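Written below as structure tokens is the structure these notes are about.
For clarity, every value in this text was computed on a predicted model and none was experimentally measured. Quick note: numbers below take in every heavy atom, side chains included, and nothing from hydrogens, waters or symmetry partners.
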Amino acid sequence: MEELLQQFPDREAFDLFLEENYTPLVYEDVKEGFAEVTEEEGAHIFPESDMDQVTRDNFMEYLGQGARFILENAMTEAFYEKNPEVYEAAFGLYEADPEHSGQITESFHQKYQDSYKALLLEWFDAVITPLLGDSRA
């Protein structure tokens, strides 16, 4: 762990590593895992009473806990599969120095969140819009 702190003493060093080693995710990387939501959660993707309010802009707010867990799990697995060195470095830094590692790995967390949101939007377009059966997208 000490080796990671020496390799990445600051955010600039980690950002350079991230830029050189990150492989972007595409929808195909998560498609199968995201499909489990409709298989396992079915009508419980969104609370039934809120279905009339669900749109492309706000659907993430309405995701049920089970659906959210499956989506996040699929994203994490795909992210790790395509970026094991980056993922392990970020979490290794956290284990080595929980108080300060967030500052060093902030770009990692932002890239993860941005990718997740973009992939959720693709999932909404491909899977949820047809389920809603209208033009609320």
Side-chain angles (χ1 to χ4, degrees):
M1 296 297 168
E2 198 64 37
E3 184 178 305
L4 277 175
L5 293 172
Q6 291 173 352
Q7 185 179 357
F8 306 112
D10 54 33
R11 183 175 174 176
E12 290 77 26
F14 188 83
D15 285 356
L16 180 61
F17 170 76
L18 181 63
E19 184 68 31
E20 292 174 351
N21 294 284
Y22 176 73
T23 302
L25 275 69
V26 295
Y27 183 65
E28 287 301 315
D29 296 326
V30 297
K31 185 177 180 179
E32 188 176 311
F34 280 18
E36 290 180 29
V37 169
T38 51
E39 293 166 8
E40 293 184 26
E41 290 296 302
H44 302 290
I45 295 170
F46 306 105
E48 237 177 275
S49 60
D50 295 327
M51 286 299 287
D52 292 339
Q53 299 170 4
V54 175
T55 67
R56 188 176 195 269
D57 293 333
N58 69 12
F59 79 94
M60 291 179 221
E61 299 170 29
Y62 292 105
L63 285 170
Q65 186 175 359
R68 188 177 305 273
F69 176 79
I70 293 168
L71 294 165
E72 290 172 358
N73 189 49
M75 175 64 183
T76 299
E77 286 179 11
F79 195 97
Y80 181 81
E81 186 174 306
K82 285 191 97 167
N83 296 284
E85 294 169 356
V86 171
Y87 194 91
E88 289 175 6
F91 282 90
L93 284 167
Y94 177 77
E95 288 177 356
D97 187 3
E99 277 189 47
H100 302 100
S101 63
Q103 298 162 356
I104 296 171
T105 61
E106 186 175 333
S107 298
F108 165 83
H109 296 291
Q110 190 61 51
K111 190 168 290 287
Y112 181 94
Q113 290 302 318
D114 291 346
S115 296
Y116 183 53
K117 184 175 180 180
L119 294 170
L120 282 178
L121 289 171
E122 288 190 54
W123 173 71
F124 183 88
D125 294 340
V127 177
I128 301 304
T129 297
L131 290 176
L132 293 175
D134 59 28
S135 59
R136 285 183 272 166

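- D125 and R56 get closest at one heavy-atom pair: OD1-NE, 2.7 Å.
- With a 6.0 Å radius and a threshold of 12 heavy atoms from other residues, nucleotides or ligands, K31 has its NZ atom at or below the threshold.
- Counting heavy atoms from C-beta outward, L71 and Y116 have side chains that approach closer than 4.5 Å.
- Between A90 and T105, the closest heavy-atom pair is CA-CG2, 3.9 Å.
- Between the side chain of R68 and the backbone N or O of Y62 there is no donor-acceptor pair closer than 3.5 Å.
- Taking all atoms of both residues into account, the shortest heavy-atom contact from G33 to I70 is O-CG2, 3.7 Å.
- By the neighbour-count criterion of 12 heavy atoms within 6.0 Å, atom OH of Y94 is sparsely surrounded, having that number or fewer from other residues, nucleotides or ligands.
- Shown here is Q7, whose CD atom has more than 12 heavy atoms of other residues, nucleotides or ligands within 6.0 Å.
- Closest of all the heavy-atom pairs between P9 and A13 is CD-CB, 3.9 Å.
- Interatomic distance, S107 OG to D15 CG, rounded to the nearest 0.5 Å: 3.0 Å.
- The distance from the CE atom of M75 to the OH atom of Y112 is 5.0 Å, given to the nearest 0.5 Å.
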One pair to check against side chain to side chain contact (heavy atoms under 4.5 Å, CB included): E106 and F14. What are the steps and the verdict? CA-CA 9 Å; E106 186 175 333; F14 188 83; over 6 Å; no

Under the criterion ring-ring contact (aromatic ring centres under 6.0 Å, His included), I'd like the reasoning laid out for F108 against F17: C-alpha separation, chi angles, the key distance, then a yes or no. CA-CA 10 Å; F108 165 83; F17 170 76; 9.9 Å; no

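- Rounded to the nearest 0.5 angstrom, F34 CZ and F124 CZ are separated by 14.0 Å.
- The shortest distance between side-chain heavy atoms of W123 and V37 falls below 4.5 Å.
- Nearest approach of A78 to V30, heavy atoms of both residues: CB-CG1, 3.6 Å.
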Any chance you could lay out the side chain to side chain contact (heavy atoms under 4.5 Å, CB included) test for L25 and K82, step after step, and finish with the verdict? CA-CA 7 Å; L25 275 69; K82 285 191 97 167; 4.2 Å; yes

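- Among the candidates L120, I128, T129, the single residue satisfying the side-chain contact (heavy atoms from CB on, under 4.5 Å) test with F59 is L120.
- When the shell of 6.0 Å around CD of E85 is examined, it contains 12 or fewer heavy atoms from other residues, nucleotides or ligands.
- To the nearest 0.5 Å, atom CD1 of residue I45 and atom OG1 of residue T38 are 6.0 Å apart.
- Closest heavy-atom contact between N83 and T23: OD1-N, 2.6 Å.
- Rounding to the nearest 0.5 angstrom, the gap separating the NE2 atom in H100 from the CG atom in D10 is 13.5 Å.
- Ring to ring, Y87 and Y80 are close: their centroids are under 6.0 angstrom apart.
- Residue E19 holds its CD atom at 6.0 Å from NZ of K111, rounded to the nearest 0.5 Å.
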